[in-house]
There are 2 protein chains.
Amino acid sequence: MLSKKTKYGLKALTFLASQKGRQPVQISEIAKQENISRKFLESILLTLRKSGILGSKKGKGGGYYLIKEPKDIPMTVVMRVLEGPIAMVPCVSLNFYEKCDDCPDEASCSVHMLMLQVRDSALEVYKNNTLADLVP
Amino acid sequence: MLSKKTKYGLKALTFLASQKGRQPVQISEIAKQENISRKFLESILLTLRKSGILGSKKGKGGGYYLIKEPKDIPMTVVMRVLEGPIAMVPCVSLNFYEKCDDCPDEASCSVHMLMLQVRDSALEVYKNNTLADLVP
DNA sequence: TTATTATCCTATCGATTTAATAGAGTAAGC
DNA sequence: GCTTACTCTATTAAATCGATAGGATAATAA
């Protein structure tokens with residue numbers, strides 16, 4: 001299940017991408033337009049900034065803005081920042097790999113085999129979409 | 001993230017599918033072979049039985065067994081029973097659809113659009129795999 | 001310099017879910 | 001009728017999630 005954090009983050013990013021210019025937009029403005037709890041959104045935008053997707057400006061006229069053009073922001077990056085690993089099990093994760101402690105042999109593990117395919121198919125989708133593709 | 005319930009369930013099913021005959025196998029036997037908590041596995045096998053994937057026999061010589069041939073058990077069915085919806089958001093779920101209360105228009109929702117693709121790609125994988133494909 | 005604005009950051013909290021465990025009940029076989 | 005092994009309900013500890021509160025910090029404008 002997609003977390004609300006990811007859902008809200010995607011909506012916020014799409015909103016920013018749909019803006020005319022690249023002027024900073026206030027948290028409150030985004031929260032209002034997208035029906036998101038202001039405070040919760042605040043923490044989400046913060047992680048997006050720390051990961052280098054968003055920039056921010058303090059004080060009057062401040063807010064958040066996209067650092068790059070939407071078409072240059074692949075969904076793989078966004079999803080990993082917001083939701084974490086794309087893989088459903090750590091043992092098939094490219095960026096967050098971890099060995100299963102209960103599984104003696106990865107190569108002959110049925111779960112591993114199946115989840116590898118699922119990961120690849122999801123990855124394919126995220127690779128083929130940039131933030132620009134999410135703007136209606 | 002895949003729940004342990006699903007992971008253990010898949011391992012148990014694969015184990016049953018790899019058996020020579022279709023004789024009942026005891027919970028303890030499966031738990032031991034696959035490194036799963038016996039009691040936890042018990043509840044998982046119970047839901048698999050209730051959903052019509054497994055059969056069971058009580059008393060001496062009892063245990064769990066596959067009702068159908070592994071090749072006739074699609075992963076779509078197994079995953080929905082164990083993990084629930086294949087979709088990551090209820091608003092793109094085929095079998096567990098629910099409207100988002102925060103989203104005014106589904107058709108123009110970026111999350112909806114993206115998650116539809118992810119659901120389709122995952123579905124494709126599950127459709128192309130039966131339990132037989134999971135046996136090494 | 002001071003007031004205002006808006007992000008930054010940490011801490012907390014309630015609710016839900018997850019993984020695991022315990023124990024009494026029930027049915028099948030010998 | 002005794003043993004075996006599934007059936008079912010209930011409980012629990014831990015983790016995660018979504019949300020909220022409040023003060024710190026920095027930028028702008030007067």
Side-chain angles (χ1 to χ4, degrees), chain A residues 1-12 16 23-32 34-67 82-85 88-90 96 98 100-102 111, chain B residues 1-12 16 23-32 34-67 82-85 88-90 96 98 100-102 111:
Chain A
M1 187 68 75
L2 203 71
S3 68
K4 297 230 167 179
K5 180 183 173 186
T6 303
K7 186 179 175 186
Y8 293 163
L10 287 175
K11 285 196 167 195
L16 287 175
Q23 261 63 261
V25 183
Q26 291 177 33
I27 299 176
S28 315
E29 167 78 5
I30 307 175
K32 191 180 162 191
E34 299 293 337
N35 288 314
I36 306 172
S37 144
R38 195 202 162 285
K39 269 300 195 179
F40 190 24
L41 181 60
E42 199 176 297
S43 68
I44 298 169
L45 296 179
L46 204 56
T47 64
L48 284 170
R49 201 218 56 185
K50 285 182 179 170
S51 73
I53 295 173
L54 293 181
S56 67
K57 234 184 110 178
K58 286 185 181 177
K60 186 159 193 180
Y64 283 94
Y65 53 90
L66 290 171
I67 287 187
L82 289 172
E83 188 75 3
M88 293 183 80
V89 269
F96 303 83
E98 250 178 81
C100 297
D101 40 348
D102 59 310
V111 178
Chain B
M1 188 68 75
L2 204 73
S3 67
K4 296 229 169 178
K5 179 181 172 188
T6 303
K7 187 179 173 184
Y8 293 163
L10 288 174
K11 286 195 168 197
L16 287 175
Q23 260 65 259
V25 183
Q26 290 178 32
I27 299 175
S28 314
E29 166 79 6
I30 307 174
K32 190 180 164 193
E34 299 293 337
N35 287 315
I36 306 171
S37 144
R38 194 200 163 286
K39 269 298 193 179
F40 191 25
L41 180 60
E42 202 176 293
S43 69
I44 298 169
L45 296 179
L46 204 56
T47 64
L48 285 170
R49 200 220 57 187
K50 286 182 179 170
S51 73
I53 295 173
L54 293 181
S56 66
K57 233 183 109 177
K58 286 184 179 176
K60 187 160 192 178
Y64 282 94
Y65 54 89
L66 290 171
I67 287 188
L82 291 172
E83 188 75 3
M88 294 183 80
V89 268
F96 303 82
E98 251 178 81
C100 296
D101 40 348
D102 59 310
V111 178

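Computed over heavy atoms, backbone and side chain alike; hydrogens, waters and symmetry mates excluded. Chain letters run A, B, ... following the sequence lines, proteins first, then strands; residues in each count from 1.
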Distance-only donor-acceptor test, A:E42 side-chain atoms vs C:dC8 base atoms, 3.5 Å: yes
From C-beta outward on B:K39, which listed nucleotide comes closest to its side chain: D:dG22, D:dA5, C:dA22? C:dA22
Counting side-chain heavy atoms from CB outward, which of C:dC9, C:dA20, C:dT7 is closest to A:R38? C:dT7
Decide salt bridge (Lys or Arg N to Asp or Glu O under 4.0 Å) for B:K39 and B:E42; before the verdict, give the C-alpha distance in whole Å, the side-chain angles of both, and the deciding distance to 0.1 Å. CA-CA 5 Å; B:K39 269 298 193 179; B:E42 202 176 293; 3.4 Å; yes
Would you please confirm or rule out a distance under 4.0 Å between OP1 or OP2 of C:dA20 and any side-chain N or O of B:Y8? yes
Nearest-Å distance, CZ (A:R49) to C1' (C:dT7)? 9 Å
Ignoring backbone atoms, test whether A:K50 places a side-chain nitrogen or oxygen under 4.0 Å from the OP1 or OP2 oxygen of C:dC9. yes
Under 4.0 Å between a side-chain N/O of B:S56 and OP1 or OP2 of D:dT7, yes or no? yes
In whole Å, what is the span from the NZ atom of A:K57 to the P atom of D:dA27? 10 Å
So, OP1 or OP2 of D:dA5: does either fall under 4.0 Å of a side-chain N or O from B:S28? no
Just compare C:dA20, C:dA6, D:dT7 and give me whichever is closest to any side-chain atom of A:Q26. C:dA6
Closer than 4.0 Å, any side-chain N/O of A:S37 to the OP1 or OP2 of D:dT20? yes
What is the minimum heavy-atom distance between B:Y65 and B:P24, and which atoms define it? CD2-CG, 3.9 Å
Among D:dA19, D:dT7, C:dC9, the nucleotide that comes nearest once only the side chain of B:L46 is considered: D:dT7
Heavy atoms, side chains only, cut-off 4.5 Å: are A:L54 and A:L66 in contact? yes
Measuring from the side chain of A:K58 (C-beta onward, heavy atoms only), which nucleotide among C:dC9, D:dT25, C:dA28 has the closest atom? D:dT25
Looking only at side-chain N and O atoms, does B:Y64 come under 4.0 Å of OP1 or OP2 in D:dA5? no
Residues A:T47 and A:K5: closest non-hydrogen pair is OG1-CE, 4.2 Å
What is the separation between atom CG on B:L2 and atom C1' on C:dA19, rounded to the nearest whole Å? 14 Å
Shortest non-hydrogen contact from A:D102 to B:K11? OD2-NZ, 3.5 Å
